[in-house]
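First comes the structure, then the notes that go with it.
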Amino acid sequence: MNAPRPVVTRFAPSPTGYLHIGGGRTALFNWLYARGRGGKFLLRIEDTDRERSTPEATAAILRGLTWLGLDWDGDVVSQFERRDRHAAVAHEMLARGTAYKCFSTQEEIAAYRAAQEAAGASYAVFQSPWRDADPATFPDAPFAIRMKAPRTGETVIDDKVQGRVVIQNATLDDMIVLRSDGTPVYMLAVVVDDHDMGVTHVIRGDDHLNNAARQQMVYDAMGWEVPTWAHIPLIHGPDGKKLSKRHGATGVEEYQAMGYPAAGMRNYLTRLGWAHGDAEIFSTAEALQMFDLEGIGRAPARLDFKKLENTCGHHMAMADDAALLHELTAYLGAAGQPALTALQVDLMAKALPVLKKSAKTFPELLDKASFLMIQRPIVPDAKAAEALDAVSRGILKSLTPQLQNASWTKEALEPVLTEAATANGIGFGKLAAPLRAAIAGRTVTPSVYDMMLVIGREETIARLTDAVA
RNA sequence: GGCCCGUUCGUCUAUCGGUUAGGACACCUGGUUUUCAACCAGGUAAGAGGGGUUCGACUCCCCUACGGGCUGCCA
């Protein structure tokens, strides 16, 4: 019995922008798969395209992953820095006879295709005249190294998500592995890096499914063990088209700035395109237990903000108070809003156990907490001002001295308020409205008891006094 | 154009030849309630279309339609 190799997965984004939400999900799947099996999750930045790669983009990707709670093992690998190794492998392929020098210029290749099209072909794979050329005929000119790919037969990708995918070798050309300027091509770099990094499972977007065939040829050419493939469908927008900027947020950091809690985001993203029976709301620890490649669907999934919000609501409610307060602070920073004052932090800590139960996002939480964020004198909005008519103000005024003596617990406050209502011949609702207006300056707030308990007796009485003055 | 992948309620999905096709979000109705929520109960809602295979197909095969991807000395 051979012990199975420990799982090694990786996330390999191009640093050409922010961390796309689809990329975030791909990273999450890789992370869940590795971490759930005691394996390693590696991070590699595919920065071989010097024109488009920026350090800012790399930083943004790292921030996005960190926010999602996806930690990687070891150092971040730069693909560009490994270019010498890639080139060495290309030359090794040359030595093995699995690749050859191609002196065809780009003009010649274009001309070849044009000629084929003129001859009626709709598309033609380029067939280099140098594939089997005698070295004696080699010109003294720059050359690219092309893989000597099989021209007949088929390449089979045994994919954990897509199943058995068969590609006819005749439809693939001899891809270039090393450019004429000596730089490696992405297709070669990925294979060399994945092999050198010991990656056992390649979990990535299905836009790479066709590429897998050519990459598998490189593995074969080098005599390396082919990793387990798992090509997952891309995420689409609500209209079913590929998710793009016109759908709204596509960057992971935008979701943070919109105030979705990371745990909810993880849960939602895990469930998007993956299922485990009826499991809907689960912790990350539970996700780690359940996640497998089997549960990944084959069809692209659409983003549904309503469900995202609902999922986040559950996580908000079950979050640990201290952790939630900490994340709220981080949210304010990410959203570019002022930090909480010491007093607000104090009040927020008291209010959180109640507020978190009904909020789905941080902005919503903050809105429900507005009664503790504001300062006297409180300026009521139009509707609140209406609730504070002369009669109501009179009732509030008579209530103040009674609050002075009541002990400040919900149990003690309840009879005080209900008795005040009956004494004035009104229902509790009629009393709560002006109270709410006086305490919060608005008509939609948490329970009046909860607000009073959070801000305390002194502040409550001060606000009531202001309102009736 | 060629090749590859996909298609179950509006959305995410379960089902792995035999089910009244299940769950969740959303939506609608009712309940609870000091407001908004939250919460509780109930309801509407699906196998893209057409051929096969089979005693029996959402499940297997073929065709069509639609969607997506790849087809580069980009990644």
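This is a predicted model, so every value here is computed, not measured. Every chain is numbered from 1, with letters handed out A, B, ... down the list of sequences. All values below were derived from every heavy atom in this structure, side-chain atoms included, with hydrogens, water molecules and symmetry-related copies excluded.
Between A:H208 and A:Y186, the angle of the ring planes lies from 30° to 60°, which puts this pair in the tilted group.
Nearest to the side chain of A:R179, among B:C74, B:U13, B:C3, sits B:C74. For A:E46, counting side-chain heavy atoms from C-beta on, the closest listed nucleotide (B:G69, B:A75, B:U34) is B:A75. For A:D173, counting side-chain heavy atoms from C-beta on, the closest listed nucleotide (B:A37, B:G67, B:G72) is B:G72.
Between the side chain of A:R442 and the base of B:U35, no donor-acceptor pair under 3.5 Å is found. Residue-to-nucleotide contacts include no donor-acceptor pair under 3.5 Å from the side chain of A:R146 to the base of B:C73. The base of B:U35 is not paired with the side chain of A:T443 by any donor and acceptor separated by under 3.5 Å.
Within residues 422-431 of chain A, the residues having any heavy atom closer than 4.0 Å to RNA chain B are, in order of number, A:F428, A:G429. Residues from residues 285-296 of chain A placing a heavy atom under 4.0 Å of any atom in RNA chain B do not occur.
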Exercise for the section: Mark up nucleotides 22-27 of chain B, 5' to 3', with B wherever a protein heavy atom is under 4.0 angstrom from a base atom, S wherever such an atom reaches only the sugar-phosphate, and - elsewhere. Expected result: BBBSS-

Side-chain polar contacts of residues 294-308 of chain A - donor-acceptor pairs under 3.5 angstrom, sequence neighbours left out - could you list them?
| from | atom 1 | to | atom 2 | distance (Å) |
| --- | --- | --- | --- | --- |
| A:R302 | NH1 | A:P238 | O | 3.3 |
| A:D304 | OD1 | A:K306 | N | 3.0 |
| A:K307 | NZ | A:E280 | OE1 | 3.2 |

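In this structure the side chain of A:R85 reaches within 4.5 angstrom of the side chain of A:D196, judged on heavy atoms.
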Write out a two-atom table: protein N or O, nucleotide N or O from nucleotides 5-7 of chain B, distance below 3.5 Å.
| from | atom 1 | to | atom 2 | distance (Å) |
| --- | --- | --- | --- | --- |
| B:C5 | O3' | A:Q162 | OE1 | 3.3 |
| B:C5 | O2' | A:Q162 | OE1 | 2.9 |

Pick out the pairs of N or O atoms, protein on one side and nucleotides 58-65 of chain B on the other, that lie under 3.5 Å.
none

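Spacing between atom CG of A:L243 and atom P of B:G67 amounts to 18 Å, rounded to whole angstrom units.
Phosphate proximity of B:G72 to A:R113: present, with a side-chain N or O under 4.0 Å from OP1 or OP2.
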